[in-house]
Amino acid sequence: MKRLVLSVVGGFVIPFLYSIIVGPLTPYIKNPTLNQLAMYPVRWPILILFRLGFVPFENEIALLLYIIICNVCLYSLLSYFLLWRFSKRKKTAQSLPPNPPPFIQH
């Protein structure tokens, strides 16, 4: 249950921190290719809509909710699998029996 809650929190925090860090830096990026690459981790849902031929600029609130929901789902899944992977490593290391003391003879 903790892993699920942490992953949902990570789904909100990861894109938010990325936007706070990279957003103010984009005016200083002079290369248009780098500027476009900097927007992909957060604005990928808009790119999917453009690929489908749907222009999403009629209702800005719906577009913002769509972007938030897609980013939370993606980064929640990513953080859930990372947390699951790290918890599996700990359990496999702890499940081995301890080495017997050297004075025990077989």
Side-chain angles (χ1 to χ4, degrees):
M1 190 67 179
K2 278 194 274 187
R3 189 182 317 147
L4 182 64
V5 171
L6 284 174
S7 66
V8 171
V9 169
F12 282 102
V13 170
I14 293 170
F16 183 71
L17 284 177
Y18 183 82
S19 298
I20 287 175
I21 293 169
V22 176
L25 295 176
T26 53
Y28 300 110
I29 299 174
K30 302 300 181 199
N31 189 347
T33 305
L34 286 177
N35 202 4
Q36 190 168 7
L37 286 174
M39 79 170 196
Y40 283 150
V42 179
R43 296 188 67 196
W44 61 270
I46 294 176
L47 298 173
I48 291 173
L49 288 179
F50 280 139
R51 287 284 182 190
L52 295 175
F54 180 70
V55 181
F57 293 113
E58 296 172 4
N59 189 357
E60 286 114 17
I61 295 174
L63 177 65
L64 185 63
L65 284 175
Y66 169 72
I67 292 170
I68 290 171
I69 290 170
C70 287
N71 280 323
V72 167
C73 290
L74 174 72
Y75 290 110
S76 292
L77 281 172
L78 178 69
S79 60
Y80 182 83
F81 285 121
L82 286 174
L83 289 170
W84 175 69
R85 182 64 184 151
F86 288 137
S87 70
K88 285 290 186 183
R89 286 185 188 168
K90 287 181 182 178
K91 287 183 181 177
T92 56
Q94 292 175 353
S95 65
L96 297 174
N99 290 332
F103 60 85
I104 295 180
Q105 297 176 358
H106 292 274

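The first residue of the sequence shown is numbered 1, and numbering continues consecutively from there.
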| query | Tracing side-chain links under 4.5 Å among I, L, V, M, F, W and Y, which residues wind up in one group with Phe16? | reply | Ile20
| said: If hydrophobic residues (ILVMFWY) are linked whenever their side-chain heavy atoms come closer than 4.5 Å, directly or via other members, who joins Leu64 in its cluster? | reply: Val8, Phe12, Ile68, Val72
| field | Minimum-distance pair of heavy atoms, taken over all atoms of Ser76 and Gly11 | value | OG-CA, 3.4 Å
Just distance, no hydrogens or angles: give the donor-acceptor pairs under 3.5 Å from side chains in residues 46-53, sequence neighbours left out.
none

| Single-linkage hydrophobic cluster Ile67~Ile69, side-chain heavy atoms < 4.5 angstrom | no
| note | Nearest heavy-atom approach of Ser7 to Leu83 is N-CD1, 4.1 Å
| request: Give the other cluster members for Ile61, using side-chain heavy-atom distances under 4.5 Å between Ile, Leu, Val, Met, Phe, Trp and Tyr residues; answer none if it is isolated. | output: Leu65
| If we only count heavy atoms from C-beta on, is the Asn71 to Trp44 side-chain gap below 4.5 Å? | yes
| ILVMFWY clustering at 4.5 Å (side-chain atoms), partners of Tyr28 | none
| task | Supply the atom-to-atom distance Arg3 CZ to Leu6 CG, rounded to the nearest 0.5 angstrom. | result | 10.0 Å
| request: Quick one: closest heavy-atom pair of Val42 and Pro15, and the distance? | output: CG2-O, 4.3 Å
| remark: Sequence neighbours excluded, the answer for side chain to side chain donor-acceptor pair (under 3.5 Å) partners of Tyr40 is Gln36
| query | Once you round to the nearest 0.5 Å, how far does OG1 of Thr33 lie from CG of Leu37? | reply | 7.0 Å
| task | Give, for atom CZ of Arg43 and atom OG of Ser19, the distance between the pair rounded to the nearest 0.5 Å. | result | 10.0 Å
| task | Please report the shortest heavy-atom distance between Pro41 and Tyr18, naming the atom on each side. | result | CG-OH, 3.4 Å
